[in-house]
Amino acid sequence: MVDKITFKRILKWGFVNFFRNGVVSLATVLVMSLSIFMIGLVLVGSSFLSGVISNLEEKVDISVSFKQAAPEAEILALKRELEGLPEVKSVKYVSANEVLSTFKETHKEDETVSKSLEVLGEDFRLPAILGIKAKDPSKFEIISKFLESGRYDNILDNKEASGEKKITYQQNQLAIEKLTSLLATARRLGFALSVILAIIALLVAYSTVRLAIYNAKDEISVMQLVGASSAFIRGPFLVEGIIHGIIAPILTLAVFYPTFWFTGEKTAGLFGGLNIFSYFISNIFQISFILLLIGILLGVFSAYIATHRYLKV
């Protein structure tokens with residue numbers, strides 16, 4: 001075990017080594033920062049895009065219209081039957097009066113629509129609607145087939161003038177599936193790039209420690225002659241690796257903040273109104289912890305390998 005005095009000396013010489021190596025330490029920190037920046041970008045980007053996809057999936061549903069003469073009791077019976085399907089997450093019934101009220105509210109500023117409604121009078125009706133959400137977007141096809149089975153053709157307004165089915169997806173499920181596939185591909189590419197940059201960071205940090213060992217070989221020889229322990233000799237180099245690993249993620253976070261702030265508002269429209277800067281701020285403690293952990297692991301691991309290989313203790 002290392003006593004308190006020895007531990008303090010190890011910390012002191014670790015900081016001395018870091019500042020004494022100067023430009024080499026700076027280069028190591030910068031390369032590690034670049035690696036951690038890319039790794040962090042992959043982590044934050046993947047998590048954020050997963051949230052975007054989940055948000056889009058929440059907006060996907062099947063909208064079913066009914067004939068104006070359809071009895072409400074039969075519509076509610078269909079609603080209960082749909083709710084009993086294992087693929088269905090929820091079913092929302094919107095009555096004809098509610099649909100009409102929503103339509104009027106949405107178009108209250110449109111004079112043409114308002115005048116048309118006045119001309120049509122009380123006889124104008126819009127069909128009642130069922131909004132059906134699935135537990136998983138892939139289950140919509142099963143739900144559609146259930147609705148298209150013909151059992152409820154007497155109440156479903158499922159034919160347009162063209163003869164096409166009127167059971168529709170409010171959002172494009174195919175687009176979401178493509179986006180999910182794209183995200184998976186981006187994650188694989190991002191992971192591969194992160195691994196490559198992490199290896200580069202390890203090699204640079206490893207070279208830094210190896211150079212420090214070479215520069216301090218005379219000191220190390222003297223310490224060995226006077227009986228210094230292996231922990232005391234190795235310790236400062238491990239501390240130096242930890243310093244590299246702490247500074248690099250701090251620099252990375254300092255770059256992330258203005259980057260996400262600048263791009264957040266500009267890209268929100270592309271992601272359904274979700275802002276990556278808001279996501280970053282709301283998860284900054286988790287992100288900081290992960291990046292700090294990655295940085296320290298890179299620093300310590302590279303220092304450990306170098307000291308294990310080049311220190312003859």
Side-chain angles (χ1 to χ4, degrees), residues 1-2 6-48 50 186-216 229-257 259-260 279-280 283-311 313:
M1 293 292 291
V2 177
T6 303
F7 180 72
K8 287 182 178 179
R9 288 176 178 171
I10 289 172
L11 284 178
K12 174 187 174 182
W13 283 107
F15 278 94
V16 169
N17 287 346
F18 175 79
F19 289 106
R20 184 169 58 183
N21 289 328
V23 175
V24 178
S25 293
L26 178 61
T28 303
V29 169
L30 291 177
V31 173
M32 287 185 68
S33 297
L34 177 61
S35 301
I36 294 172
F37 178 84
M38 294 305 301
I39 293 170
L41 202 59
V42 171
L43 291 173
V44 175
S46 296
S47 299
F48 176 71
S50 294
R187 278 176 173 166
R188 287 193 290 269
L189 291 175
F191 177 77
L193 181 61
S194 298
V195 169
I196 292 170
L197 288 170
I199 292 172
I200 293 173
L202 278 172
L203 292 174
V204 172
Y206 169 85
S207 299
T208 302
V209 177
R210 185 179 65 175
L211 182 60
I213 292 171
Y214 179 79
N215 290 338
S229 66
S230 299
F232 183 79
I233 298 173
R234 285 195 176 99
F237 298 107
L238 296 176
V239 170
E240 190 178 357
I242 292 172
I243 295 171
H244 294 152
I246 291 174
I247 295 176
I250 291 174
L251 290 178
T252 299
L253 289 168
V255 174
F256 270 161
Y257 189 93
T259 300
F260 290 140
Y279 175 84
F280 172 71
N283 294 278
I284 193 166
F285 292 110
Q286 298 94 312
I287 294 168
S288 299
F289 175 77
I290 292 171
L291 295 185
L292 187 63
L293 182 62
I294 292 171
I296 291 174
L297 288 175
L298 285 174
V300 171
F301 187 60
S302 57
Y304 177 80
I305 294 174
T307 54
H308 182 74
R309 181 171 181 180
Y310 290 98
L311 282 180
V313 292

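Here the structure is a predicted model, which means the values were calculated and not measured.
T28 pairs by the side-chain hydrogen bond (donor to acceptor under 3.5 Å, both in side chains) definition with T208, not counting sequence neighbours. Taking S33 as the reference, V29, A248, L251, T252 meet the side-chain contact (heavy atoms from CB on, under 4.5 Å) condition, with sequence neighbours excluded. For Y279, the ring pair (Phe, Tyr, Trp, His ring centres under 6.0 Å) partners at least two apart in sequence or on another chain are F48. Residues satisfying the side-chain contact (heavy atoms from CB on, under 4.5 Å) test with I199, not counting sequence neighbours, are V195, L203. Under the side-chain contact (heavy atoms from CB on, under 4.5 Å) criterion, L41 pairs with F37, F256, F260, sequence neighbours left out. Taking the ring pair (Phe, Tyr, Trp, His ring centres under 6.0 Å) definition, one finds that Y257 meets it with F277, sequence neighbours left out.
Interatomic distance, CD1 of I36 versus CG of L43, reported as 11.0 Å (0.5 Å rounding). A distance of 6.0 Å separates CE of M32 from OG of S302, quoted to the nearest 0.5 Å.
Scanning all heavy atoms of the two residues, the minimum distance from T259 to V255 falls at OG1-O, 2.7 Å. Across every non-hydrogen atom of H244 and F18, the tightest pair is CD2-CE1, 3.4 Å. Nearest heavy-atom pair, I246 versus I250, reported as atom, atom and distance to 0.1 Å: O-CG1, 3.3 Å.
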Anything under 3.5 Å between a donor and an acceptor, one on a side chain of residues 286-299, the other on a protein residue two or more places apart or in another chain? List them.
from, atom 1, to, atom 2, distance (Å)
S288, OG, I284, O, 2.6

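At a threshold of 4.5 Å between non-hydrogen side-chain atoms, the residues L253 and F280 count as touching.
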